[in-house]
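Inspection log for the structure reproduced underneath, given as structure tokens.
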Amino acid sequence: MAFSYIDTGDRPVFDIAEPNLAYRDPDGEVAYLIQDGVVLGGGGGSGGGGSSGGYRIGFIGESLVEHNHSANVQRKLSTWSRGMLNWANALNPGLCVFDVWYDPKSYPGWEPGAPGSTVYFRGANAGVGGQTSKQILDRKEFLVKNVDVDLVVISTGTNSMSGDSVADIIKWRDETVDYYLKAGKTVILLPVLLRNIDSWTVASGYREKCSYVNATAQDMVKSRKNCYLFDWNTYWVDFNHPQGNALPGFTPDGIHFNTMSGYVLGKAFGEFLKTILPYTPTYNVIAPNDLYHAEKNPFGNKHSNPMLTGTTGTISAPVTGVCATGFRIIRSTSFGCAVEGAKEVRADGRGNYQVINFTPSGAAGSELSTFSTASTDVRHDLPVGSWVRASIEVEANKWDGWQGITMHLRDNAAAGLQVNGMESYNNDQWPTDGWKGLITTPAFQIVDAASALRWQVQIRVDNSKTTKGVLKIGAPELRVVEDPRKIVNYRGE
């Protein structure tokens, strides 16, 4: 494929009407490609275009890092409810930028399984399951040479306990930290996460190795400027267990997080980040008239009722109550949970809440309900190559019946993608202490201007409970945003 070139200085001007265009940066390297009207390459510059504010965070490590996102060959990309950094962001809107994009390509050294395997995404999440400290060290350059981030979080060592010496684990960890510090990055080191005894037996000696490595991390961090330690073991370990197992209900396998541990650690990590980063809450919906217009406001909200006014929305039986104008509440399964819609003026002045009350019948089952646009699928008429995302603000009451609150967005085109904000991990237990935050999907590209988008909030509750759940939904958003590769100045590979 032959490309024509355009030199526009330090920022490109995209002309979607030009089918094959490449932007050449000042050093002569191709930084942006448009093939058949679709942007393929990286990008230049940061901020703007509806991207949440905050510092750009890169996260490198193994599966504990990778699991902030979930993607597959079916063209699906999600932030995952078991991801610590996802919860830090949701509970503190605008705290940081942690963008990834769908990419099914396999990159040497980044395979989570057999050669040729892939994590199906690229971006600020540089986690690859199963990797040792040396393998993580060998991939360190990506977060400097291929993307721009302001701060790097490192998890390394857990998969090296069985095959590498303490001296090597410490050496590779320190080399990884020092590489990013010398590149001018602020570094947050995570100590090795302690595993349950069914993974690291008492006789194996791995628990002692882990403690040894972690003890040296404390002194290492003290000796380096702009280097911090966040001890996630403090929030993970059951200190009443003689071997330091994870707290009950925190892990599906003694190694990895589930939704509850992701939430607890993410809540703590968010508070930690706010001690070293300036923070003011930044929301996606900023005004009732911030609405989409192809020429005048191309990054505006495509929802015409972001303040959720009115009560002429659709209630589908057996749901009762009222729904905001332009939206719809459906109970998708039939385990018997009573679902009722109501409206509430928000105390913070940001419009109205769509309230949904859930009263379980007591019978076993995971009840699924949705809050969506009045028409299930809505034609978008956006140019091919546009990037879009969805978000909602939510407030969930103190209740032990929550099993998932997911923002879902799907492109119904034949080659379209689907994305999820806080996809529920195995429909497991969600936070019970009452929380509120912003749930945002990753962005994806439109591939067919004539296709339709499906925007819906998917809510799962445990129908066996005997008390009531109350969910408040506000500030629905669907908008065109800047290419996430531009946010981190992705330079390709």
Side-chain angles (χ1 to χ4, degrees), residues 14 16-17 34 36-40 49-50 71-79 101-102 104 120 284-285 290-308 310 312-316 319 323-333 354 368-392 405-423 439-459 473 475-484:
F14 291 134
I16 282 297
I34 298 177
D36 299 325
V38 179
V39 181
L40 300 178
N72 61 32
V73 71
Q74 282 79 36
R75 299 188 300 278
K76 183 200 75 170
L77 172 63
S78 306
T79 61
W101 53 89
Y102 185 78
Y120 290 96
N284 294 341
V285 174
D290 174 28
L291 303 179
Y292 176 82
H293 187 283
E295 291 81 31
K296 297 178 180 179
N297 190 14
F299 285 162
N301 195 346
K302 287 188 70 70
H303 282 311
S304 61
N305 185 18
M307 298 295 105
L308 294 176
T312 61
T314 303
I315 293 290
S316 298
V319 180
C323 181
T325 300
F327 292 89
R328 183 181 186 184
I329 303 173
I330 300 173
R331 196 188 74 183
S332 302
T333 51
Q354 174 65 60
L368 172 65
S369 301
T370 62
F371 174 72
S372 65
T373 50
S375 297
T376 303
D377 300 314
V378 179
R379 179 164 167 153
H380 55 76
D381 294 315
L382 293 170
V384 170
S386 301
W387 288 81
V388 295
R389 70 142 190 247
S391 72
I392 49 163
I405 304 169
T406 300
M407 180 70 255
H408 174 78
L409 182 64
R410 185 173 77 194
D411 183 351
N412 286 336
L417 272 72
Q418 60 172 308
V419 289
N420 298 285
M422 284 296 186
E423 180 182 1
I439 299 178
T440 304
T441 70
F444 68 78
Q445 274 188 301
I446 296 294
V447 298
D448 182 352
S451 68
L453 293 174
R454 178 170 297 182
W455 183 102
Q456 62 181 203
V457 185
Q458 300 173 344
I459 308 137
I473 298 173
E477 180 209 33
L478 170 62
R479 76 171 73 233
V480 176
V481 295
E482 194 170 68
D483 182 339

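Quick caveat: nothing in here was measured; it's all calculated off a predicted structure. In this chain, residues are counted from 1 in sequence order.
- Minimum heavy-atom separation, Ile392 to Pro476: CG2-CA, 4.2 Å.
- Taking CD of Gln418 as the reference point, atom CG of Leu77 lies at 10.0 Å (rounded to 0.5 Å).
- With Glu477 contributing its side chain and Val285 its backbone, the two residues share no donor-acceptor pair below 3.5 Å.
- The side chain to side chain contact (heavy atoms under 4.5 Å, CB included) check on Pro298 picks up nothing, with sequence neighbours excluded.
- Sorted by first and then second residue, the salt bridge (Lys or Arg N to Asp or Glu O under 4.0 Å) pairs with a member in residues 406-416 form an empty list; sequence neighbours excluded.
- Using modelled atom types, no side-chain atom of Asp483 and backbone atom of Gly385 make a donor-acceptor pair closer than 3.5 Å.
- In this structure, the side chain to side chain donor-acceptor pair (under 3.5 Å) partners of Glu423, at least two apart in sequence or on a different chain, are Lys76, Ser78.
- Taking every heavy atom of both residues into account, Ala443 and Val481 meet most closely at CB-CG2, 3.8 Å.
- With sequence neighbours excluded, no residue forms a side chain to side chain donor-acceptor pair (under 3.5 Å) with Arg331.
- Residues Ser451 and Asp377 have side chains not in contact (no heavy-atom distance under 4.5 Å, counting atoms from C-beta outward).
- When Asp290, Asn301, Asn284 are each tested for a side chain to side chain donor-acceptor pair (under 3.5 Å) with Arg479, only one passes: Asp290.
- For Asp381, the salt bridge (charged side-chain N to carboxylate O under 4.0 Å, His left out) partners at least two apart in sequence or on another chain are Arg379.
- Residues Tyr102 and Pro442 form no side-chain contact, since every pair of their non-hydrogen atoms from C-beta on lies 4.5 Å or further apart.
- In this structure a side-chain-to-backbone donor-acceptor pair under 3.5 Å is missing from Asn412 to Leu453.
- To the nearest 0.5 Å, atom CG of residue Asn420 and atom CD of residue Gln456 are 9.5 Å apart.
- Partners of Thr312 by side chain to side chain contact (heavy atoms under 4.5 Å, CB included), not counting sequence neighbours, listed by chain and number: Thr325.
- The side chain to side chain contact (heavy atoms under 4.5 Å, CB included) check on Ile330 picks up Ser316, Arg328, Ser332, Thr370, with sequence neighbours excluded.
- Residues forming a side chain to side chain donor-acceptor pair (under 3.5 Å) with Trp455 (at least two apart in sequence, or on another chain): His303.
- Using a 4.5 Å heavy-atom cutoff, the side chains of Phe371 and Gln354 are in contact.
- Shown here are the side chain to side chain contact (heavy atoms under 4.5 Å, CB included) partners of Ser375, two or more places apart in sequence or in another chain: Val378.
- Shortest non-hydrogen contact noted between Thr440 and Ser391 is OG1-CB, 3.5 Å.
- The shortest non-hydrogen separation linking Trp387 to Pro484 is CE3-CD, 3.3 Å.
- Remark: Phe444 pairs with no residue by the ring-ring contact (aromatic ring centres under 6.0 Å, His included) rule, at least two apart or across chains.
- For Thr333, the side chain to side chain donor-acceptor pair (under 3.5 Å) partners two or more places apart in sequence, or in a different chain, are Glu367.
- Across Ala475 and Leu308, no two heavy atoms sit closer than the pair N-CD1, 4.4 Å.
- Looking only at side-chain heavy atoms (C-beta outward), His380 and Val388 stay at 4.5 Å or farther from each other.
- A donor-acceptor contact shorter than 3.5 Å is absent between the side chain of Tyr292 and the backbone of Ser304.
- Checking side-chain atoms of Thr441 against main-chain N and O of Arg389 turns up no donor-acceptor pair under 3.5 Å.
- Here the CG-NZ distance, from Asn297 to Lys302, works out to 11.0 Å after rounding to the nearest 0.5 Å.
- Atom CE in Met422 sits 13.5 Å away from atom CE in Met407 (nearest 0.5 Å).
- Separating the CG atom in Leu368 from the CD atom in Gln458 is a distance of 6.5 Å, to the nearest 0.5 Å.
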